[in-house]
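All residue numbers in this chain count up from 1 along the given sequence.
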Amino acid sequence: MSTTKKRNISILGPDTLTGIKLKEPATYAAGVPAVKVALEHAFKEMGVLKSFNALSQMNQEEGFDCPGCAWPDPEKPSKIGEYCENGVKAIAEEATNKKVNKDFFKKYSIEELSKWSDYQIGKSGRLTEPMVLRPNSIYYEPISWENAYQLIAKELKQLSSPDEGVFYTSGRSSNEAAFLYGLFVRAFGTNNMPDCSNMCHESSGVALNETLGIGKGSVKLEDFDKAEVVMVIGQNPGTNHPRMLSALQKCKENGGKVISINPLKEAGLIRFKNPQEIKGVLSSGTALTDVHLQVKVNQDVSLLKLIIKKLVALDKDSGGVFDHQFIENYTNGYDELIHDVGQYIDKELLDLCGVKEEKINQVVQLLAEKSKIIICWAMGLTQHKNGVDNIKECVNLLLLKGSLGKLGAGTCPVRGHSNVQGDRSVGIMHHVSKELNTAIQKTFGFTPPDKEGLDTVHAIEAMHEEKAKVFIALGGNFLSAASDTEYTAEALQNCNLTVNISTKLNRTHLVPGKIALILPTLGRSELDAKDGKSRFFTVENSMGKVHQSKGMLKPASGNLKSEPEIIGGIADAYFDNKHIIDWKSLSENYELIRKKMALVLKGFDDLNEKSKGTGFYLPNNVRELDFSKLPGGKAKFSICKLPNHKLDANEFLLMTIRSHDQFNTTIYGLDDRYRGVYNERRVVFMNIKDMQKHNLKKLSVINLISSYDGKDRKALNFLVVPYNIPESNLASYFPETNVLVPYNHYADKSHTPISKSIVVKIEKL
């Protein structure tokens with residue numbers, strides 16, 4: 001029997017109910033309640049003085065970047081507070097006064113801790129010292145930094161091939177840390193660099209690269225001031241990136257219109273009460289959405305095709321709807337697109353998308369008259385089998401309208417983690433870039449590997465099959481973020497060594513390899529100093545702007561190291577201080593790292609100076625209407641297929657969602673205030689007609705079951721909550737329902753898990 005089987009670990013945590021309370025869903029976002037809740041979180045975790053000290057510096061020019069989402073800061077940040085409710089919750093979690101030290105781990109075994117909820121685990125506190133879990137042990141114990149580095153080096157050296165190592169990166173890492181990490185992994189000899197992009201916006205990157213030549217959005221924050229129409233598709237900004245609501249408010253105040261497309265009508269897109277304004281406190285706030293299209297789960301392509309088809313008819317009848325000069329000058333594939341759209345029947349598309357035709361006609365008329373159009377989206381579009389086509393259909397609409405390369409128009413994929421886009425920009429990717437490899441070889445003097453590495457889903461598969469034996473994570477909560485929780489847990493436990501570089505305890509630490517290390521690192525808000533001199537690092541927001549971030553709070557422990565220093569320590573130990581790169585010296589000198597980045601990375605020249613203040617934008621060919629790198633030198637229209645969901649009478653399509661007290665896998669609390677759910681996470685939102693059809697009542701208890709490739713997966717003990725959601729569709733929170741997502745079912749080309757369109761059955765208890 002293996003050592004992992006001797007550990008009685010609960011992979012999913014408890015499935016007990018916590019005492020639900022239901023209220024009517026909210027009809028607005030933010031306002032006084034948001035301020036109240038935010039301060040309650042801050043004061044509880046940090047205390048009053050520390051809270052005000054931290055919040056006064058968050059998202060300010062000389063302060064630190066919010067560790068939450070990647071929404072950009074305005075050119076002149078508000079001194080009142082350039083942050084949102086969930087940003088305050090994020091900093092409260094990071095800067096909490098609670099500590100997880102050796103006494104904590106001596107008291108609690110991983111077997112006991114694994115039976116805690118994700119909420120309980122996250123609320124334990126900050127990690128304070130390096131810890132090791134040895135074979136046959138169920139207790140983490142302290143280890144020195146040097147011994148931890150040597151242990152990692154030993155396990156890496158025992159691999160028969162560098163490709164038996166997996167090096168994961170989360171979106172919270174700085175540009176400097178991610179660049180150094182990617183440099184070490186390539187020097188080690190592999191491109192096995194899965195990252196959190198693989199699980200969220202990889203579909204965006206693939207679609208935008210293939211159609212426009214860059215895997216990023218094209219808009220800047222000020223474009224929202226000029227936009228005539230903003231389409232928000234598959235996205236809930238009120239919870240996931242609330243500062244976006246201010247941008248939508250400015251759009252409305254300047255005469256713009258907002259169209260929301262989503263299976264749920266979310267409070268954040270109904271009305272916004274800006275807490276920084278008197279009217280946001282005393283008045284009813286700003287009505288945001290002009291037209292809401294309640295599309296069925298994953299029927300966005302059918303809806304967009306119908307919109308485009310109606311626009312084609314208008315353009316043929318009266319002209320002036322499409323920008324034909326733009327189409328002629330900058331695009332390829334227009335005739336093929338028009339022919340494809342003509343093959344579809346309006347009634348069939350209408351039935352598929354489930355939206356009322358009069359609502360669609362309102363949108364069509366609006367789009368016909370406007371040209372400054374922004375389309376925003378998030379994981380509601382990307383996490384499907386046809387995730388890439390979902391984004392391509394959005395691009396089709398923008399190309400038809402000539403809504404690129406002008407103020408107030410363009411693509412806007414809204415990234416959910418604070419530097420996930422920066423990680424990719426500085427070289428974290430499993431793909432091979434000949435240009436990047438050449439620059440690395442020229443700058444550092446070694447030849448990077450030219451074999452494509454493993455993305456997230458294939459890294460999990462490799463670990464499960466014991467083809468990969470060492471797993472190192474730079475941040476993140478890999479187990480809770482990934483699909484197919486039980487399969488992923490088995491994969492991690494099959495590893496000889498798992499290493500997590502973290503600020504706080506999470507479930508991944510409790511489902512370890514045969515040997516496991518937890519290496520505690522500085523938080524975004526904490527003072528990072530060397531020889532008495534503070535250091536800053538850089539991040540990139542979701543609109544391609546790079547800027548500095550400098551922590552100022554006293555570190556949670558004197559035994560913490562920065563991420564670059566940890567990476568340098570691992571590299572130095574592995575290479576026995578005999579490599580062409582002086583890893584230790586490089587890792588301690590951020591200015592030197594940035595000088596090397598400037599030599600290797602396009603657009604990062606003079607990084608040390610340009611990143612100060614409000615920062616600078618990286619090159620973006622779409623803003624310049626330069627499509628020269630694409631075939632034919634033009635942007636590309638795409639022929640997108642309809643999704644193929646054939647549900648039986650007793651089947652549903654489930655989408656995973658966040659609660660309002662949550663950011664990615666971090667659970668701040670047990671409430672979902674905007675949807676009216678309190679003190680419970682094990683809920684499933686269902687249409688009242690579906691409830692009646694299946695003889696279910698409010699708060700009936702059910703199990704959710706997905707069946708793929710002959711294997712059943714179960715999520716146990718969920719309460720049915722009647723909600724305004726399309727028939728045959730369900731919604732439920734992740735990570736609790738990630739167990740239902742099969743690891744080997746993912747988006748074409750991007751390999752993003754199908755977390756937003758899982759076919760499930762229900763089992764009544």
Side-chain angles (χ1 to χ4, degrees), residues 162-163 165-171 173-198 201-202 204-206 208-210 212-216 419-456 458-459 472 474 537-540 544 546 563-564 567-568 571 579-581 583 586-587 590 592-608 610-611 616-621 626 628-630 749-751:
D163 292 329
V166 171
F167 301 85
Y168 174 76
T169 313
S170 89
S173 303
S174 67
N175 287 331
E176 289 76 5
F179 176 78
L180 197 65
Y181 193 51
L183 190 67
F184 166 64
V185 176
R186 291 181 174 91
F188 174 68
T190 186
N191 284 308
N192 286 352
M193 285 182 277
D195 73 316
C196 56
S197 285
N198 298 153
H201 268 288
E202 197 70 45
S204 300
V206 171
L208 294 173
N209 264 312
E210 291 187 357
L212 302 177
I214 186 172
K216 302 180 182 182
N419 196 41
V420 61
Q421 187 160 292
D423 286 352
R424 186 60 59 88
S425 294
V426 302
I428 295 296
M429 56 184 162
H430 62 281
H431 300 298
V432 177
S433 165
K434 292 182 179 179
E435 183 180 10
L436 179 62
N437 279 6
T438 299
I440 289 174
Q441 184 171 5
K442 180 180 179 182
T443 303
F444 292 101
F446 72 88
T447 303
D450 58 4
K451 174 187 174 184
E452 182 160 315
L454 300 172
D455 59 19
T456 295
H458 291 99
I472 301 178
L474 182 63
F537 55 79
T538 61
V539 294
E540 178 185 346
V546 176
E563 288 180 326
I567 296 161
H579 194 254
I580 192 170
I581 297 173
W583 293 96
L586 182 60
S587 69
Y590 299 176
L592 181 57
I593 296 176
R594 286 190 284 271
K595 287 180 181 178
K596 298 297 185 183
M597 292 168 66
L599 295 173
V600 171
L601 305 170
K602 184 178 179 181
F604 281 81
D605 52 291
D606 199 21
L607 178 58
N608 273 308
K610 287 169 58 179
S611 61
F616 66 98
Y617 283 100
L618 291 173
N620 190 301
N621 63 285
D626 175 12
S628 57
K629 289 189 176 181
L630 287 166
K749 294 187 178 182
S750 71
H751 301 165

field: Full working for side chain to side chain donor-acceptor pair (under 3.5 Å) between Gln441 and Thr447
entry: CA-CA 5 Å; Gln441 184 171 5; Thr447 303; 3.2 Å; yes
message: What verdict does the side-chain contact (heavy atoms from CB on, under 4.5 Å) test give for Leu601 and Phe179, after you've listed the backbone C-alpha separation in whole Å, the side-chain angles of each residue and the deciding distance to 0.1 Å?
response: CA-CA 10 Å; Leu601 305 170; Phe179 176 78; 4.1 Å; yes
Which pair of non-hydrogen atoms, one from [X] and one from [Y], has the smallest distance, and what is that distance?
X: Phe184; Y: Ala571; answer: CD1-CB, 3.5 Å
X: Asp423; Y: Ser173; answer: OD1-O, 3.5 Å
X: Ala178; Y: Val426; answer: CB-CG2, 3.6 Å
X: Arg424; Y: Asp195; answer: NH2-OD1, 2.9 Å
X: Asn191; Y: Glu452; answer: CB-C, 4.4 Å
X: Asn419; Y: Asn175; answer: ND2-OD1, 3.1 Å

task: Start with the C-alpha gap between Glu540 and Leu618, add the side-chain angles, then the distance that decides, and say whether side-chain contact (heavy atoms from CB on, under 4.5 Å) holds.
output: CA-CA 9 Å; Glu540 178 185 346; Leu618 291 173; 3.5 Å; yes
message: Any donor-acceptor pair under 3.5 Å linking the side-chain atoms of Ser197 with those of Glu202?
response: no
In Å and rounded to the nearest 0.5 Å, what is the [atom1] to [atom2] distance from [X] to [Y]?
X: Lys749; Y: His751; atom1: NZ; atom2: NE2; value: 10.5 Å
X: Gln421; Y: His201; atom1: CD; atom2: NE2; value: 9.0 Å
X: Ser425; Y: Met597; atom1: OG; atom2: CE; value: 9.0 Å
X: Asp605; Y: Leu599; atom1: CG; atom2: CG; value: 10.0 Å
X: Tyr181; Y: Phe167; atom1: OH; atom2: CZ; value: 6.5 Å
X: Thr538; Y: Leu607; atom1: OG1; atom2: CG; value: 5.0 Å

message: Run the side-chain contact (heavy atoms from CB on, under 4.5 Å) test on Leu180 and Leu586 for me, step by step, so that the C-alpha distance in whole Å, both residues' side-chain angles and the decisive distance to 0.1 Å come before the verdict.
response: CA-CA 9 Å; Leu180 197 65; Leu586 182 60; 3.5 Å; yes
- prompt: Do Asn198 side-chain atoms and Thr456 backbone N/O form a donor-acceptor pair below 3.5 Å?
  reply: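 Yes: the side chain of Asn198 pairs with the backbone of Thr456.
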Can you give each donor-acceptor pair under 3.5 Å made by side-chain atoms of residues 429-438, sequence neighbours left out, with the distance rounded to 0.1 Å?
| residue | atom | partner | partner atom | Å |
| --- | --- | --- | --- | --- |
| Ser433 | OG | Leu436 | N | 3.1 |
| Asn437 | ND2 | Pro449 | O | 3.1 |
| Thr438 | OG1 | Lys434 | O | 2.8 |

- request: Identify, with sequence neighbours excluded, every residue that meets side chain to side chain contact (heavy atoms under 4.5 Å, CB included) alongside Asp163.
  value: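 Asp163 satisfies side chain to side chain contact (heavy atoms under 4.5 Å, CB included) with Ser161, Thr190, Asn192, Lys451 once adjacent residues are dropped.
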- request: Start with the C-alpha distance between Ser204 and Lys216, add both sets of side-chain angles, then the distance that settles side chain to side chain donor-acceptor pair (under 3.5 Å), and finish with yes or no.
  value: CA-CA 8 Å; Ser204 300; Lys216 302 180 182 182; over 6 Å; no
query: How are the rings of Phe604 and Phe616 set to each other: parallel, tilted or perpendicular (split at 30° and 60°)?
result: perpendicular
Heavy atoms, side chains only, cut-off 4.5 Å: are [X] and [Y] in contact?
X: Phe444; Y: Leu183; value: yes
X: Val539; Y: Val546; value: no
X: Ile567; Y: Ser587; value: no
X: Glu563; Y: Leu474; value: yes
X: Val166; Y: Pro194; value: yes

message: Go through it in stages, so that I can follow the logic: the residues are Ile581 and Phe446, the test is side-chain contact (heavy atoms from CB on, under 4.5 Å), and I'd like the CA-CA distance, side-chain angles, deciding distance and then a yes or no.
response: CA-CA 9 Å; Ile581 297 173; Phe446 72 88; 3.8 Å; yes
field: Lys596/Glu176 salt bridge by N-O under 4.0 Å criterion
entry: no
